[in-house]
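What's counted below: heavy atoms across the whole structure, side chains too, no hydrogens, waters or symmetry copies.
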Amino acid sequence: VKILPIALLLIWSVQRGQTWRGHVIGIALVFSAVGDIAMAKDEFLPGLSAFLLAHIAYLTVFCRNLTTDTPQKLLIAGIVLWSAGTVAYLWPTLGDMKIPVVVYCGVIAAMASAAIAGANHRNVAVGAALFAASDAIIAIDRFAIDFPAAPYLIMILYYAAQYLLTWDARRGEYASIIPR
């Protein structure tokens, strides 16, 4: 049931986004579904790896016509600080997961930065930020603080993030639609 919304987004995105970008977004959704299944089975590292591949696919799509003005630079700085702060907070509790978590946080920060700076609809950038927030809650709940409401908050942010990350593919548009 957990992957049903992702499967529906996959169908919708691939049908509407009949381009290279649409298909790569489809690949990101497939890796996300694999990550969902692994996480549901409490296989954290395989799940993290699948989501890492999903973020690399998204990063590939969002790195189009990268430009930055001052507001974008500030947003990107915020994403980098958020990621670094999350890693710094979790560092003492990560144990043998230090390298995987640092790599994952670096890739999601790069994906979110590309979503902000690339020729993407601004909803894509919001989706990237929501995904980063969802993942930070997963990490904090898993490694630092038992947060009883975490599963609900994670899923709300995650589904909203995936919906927004696939915005351009579902609309079938890949133009410079963010006014600069």
Side-chain angles (χ1 to χ4, degrees), residues 2-39 44-68 72 75-80 82-84 86-87 100-139 154-178:
K2 185 177 178 184
I3 66 167
L4 183 60
I6 301 306
L8 294 173
L9 277 175
L10 173 64
I11 293 166
W12 193 7
S13 296
V14 171
Q15 283 179 341
R16 294 280 298 160
Q18 291 294 322
T19 64
W20 174 85
R21 284 175 56 118
H23 293 296
V24 175
I25 285 174
I27 291 168
L29 290 167
V30 168
F31 280 123
S32 294
V34 170
D36 286 334
I37 292 166
M39 292 292 194
F44 186 76
L45 191 56
L48 187 73
S49 299
F51 280 113
L52 177 74
L53 293 172
H55 291 309
I56 290 170
Y58 278 133
L59 173 63
T60 302
V61 169
F62 300 151
C63 281
R64 181 172 172 269
N65 298 330
L66 297 175
T67 60
T68 55
Q72 288 171 312
L75 289 171
I76 291 169
I79 291 288
V80 170
W82 170 271
S83 182
T86 301
V87 169
V101 169
V102 167
V103 169
Y104 184 84
C105 286
V107 170
I108 197 166
M111 182 274 295
S113 297
I116 292 165
N120 309 295
H121 193 279
R122 62 177 48 103
N123 287 345
V124 171
V126 172
L130 291 177
F131 212 125
S134 172
D135 283 353
I137 294 168
I138 290 170
I154 290 164
M155 294 317 296
I156 290 167
L157 293 172
Y158 171 68
Y159 289 134
Q162 291 284 28
Y163 178 80
L164 295 172
L165 284 170
T166 61
W167 186 268
D168 289 346
R170 288 181 292 100
R171 292 185 54 175
E173 296 177 6
Y174 297 104
S176 296
I177 54 181
I178 299 177

Item to check | Residue pair Q72 / A117: nearest heavy atoms and the distance that separates them | outcome: NE2-CA, 3.9 Å
Next on the checklist: Ignoring hydrogens, what is the shortest heavy-atom contact between K2 and Y159? Give both atom names and the distance.
Outcome noted: O-OH, 2.5 Å
Item to check | Separation between CD1 of I138 and OH of Y104, rounded to the nearest 0.5 Å | outcome: 7.0 Å
Next on the checklist: For S32 versus A54, what's the shortest heavy-atom pair and its separation?
Outcome noted: OG-CB, 3.5 Å
Checklist entry - Can you tell me how far the CD1 atom of I6 sits from the CD1 atom of I37, to the nearest 0.5 Å? => result 11.0 Å
Next on the checklist: Between I25 and Y58, is there a side-chain heavy-atom distance shorter than 4.5 Å?
Outcome noted: yes
Checklist entry - Is M111 close to I116 at the side-chain level, that is, under 4.5 Å between some pair of heavy atoms? => result no
Next on the checklist: For D36 and F31: C-alpha separation, side-chain torsions, deciding distance, then whether side-chain contact (heavy atoms from CB on, under 4.5 Å) applies.
Outcome noted: CA-CA 9 Å; D36 286 334; F31 280 123; over 6 Å; no
Next on the checklist: Using every non-hydrogen atom in the two residues, find where L66 and A114 come nearest and quote the distance to one decimal.
Outcome noted: CD2-O, 4.0 Å
Next on the checklist: A side-chain contact here means heavy atoms from C-beta on lying under 4.5 Å apart; do V34 and F51 qualify?
Outcome noted: no
Checklist entry - Hey, does F62 have a side-chain heavy atom less than 4.5 Å from the side chain of V24? => result no
Checklist entry - With a 4.5 Å heavy-atom cut-off, do R21 and N120 have their side chains touching? => result yes
Next on the checklist: Rounded at 0.5 Å granularity, tell me how far CD1 in I108 sits from CZ in F131.
Outcome noted: 6.0 Å
Next on the checklist: Looking at every non-hydrogen atom in both residues, tell me the closest pair between S134 and Y158 and how far apart they are.
Outcome noted: OG-CB, 3.8 Å
Checklist outcome for this item: Of all heavy-atom pairs linking A33 and I3, the shortest is O-CG2, 3.7 Å
Checklist entry - Counting distance only, does the side-chain N/O of S83 pair as donor-acceptor with the main-chain N or O of A109 below 3.5 Å? => result no
Checklist outcome for this item: Value for CG (L164) from CG (L130), rounded to nearest 0.5 Å, stands at 6.0 Å
Checklist entry - Got a second to check how far D135's CG is from I154's CD1, nearest 0.5 Å? => result 8.5 Å
Item to check | Distance in Å, R122 CZ paired with W167 CH2, rounded so as to fall on 0.5 Å steps | outcome: 11.5 Å
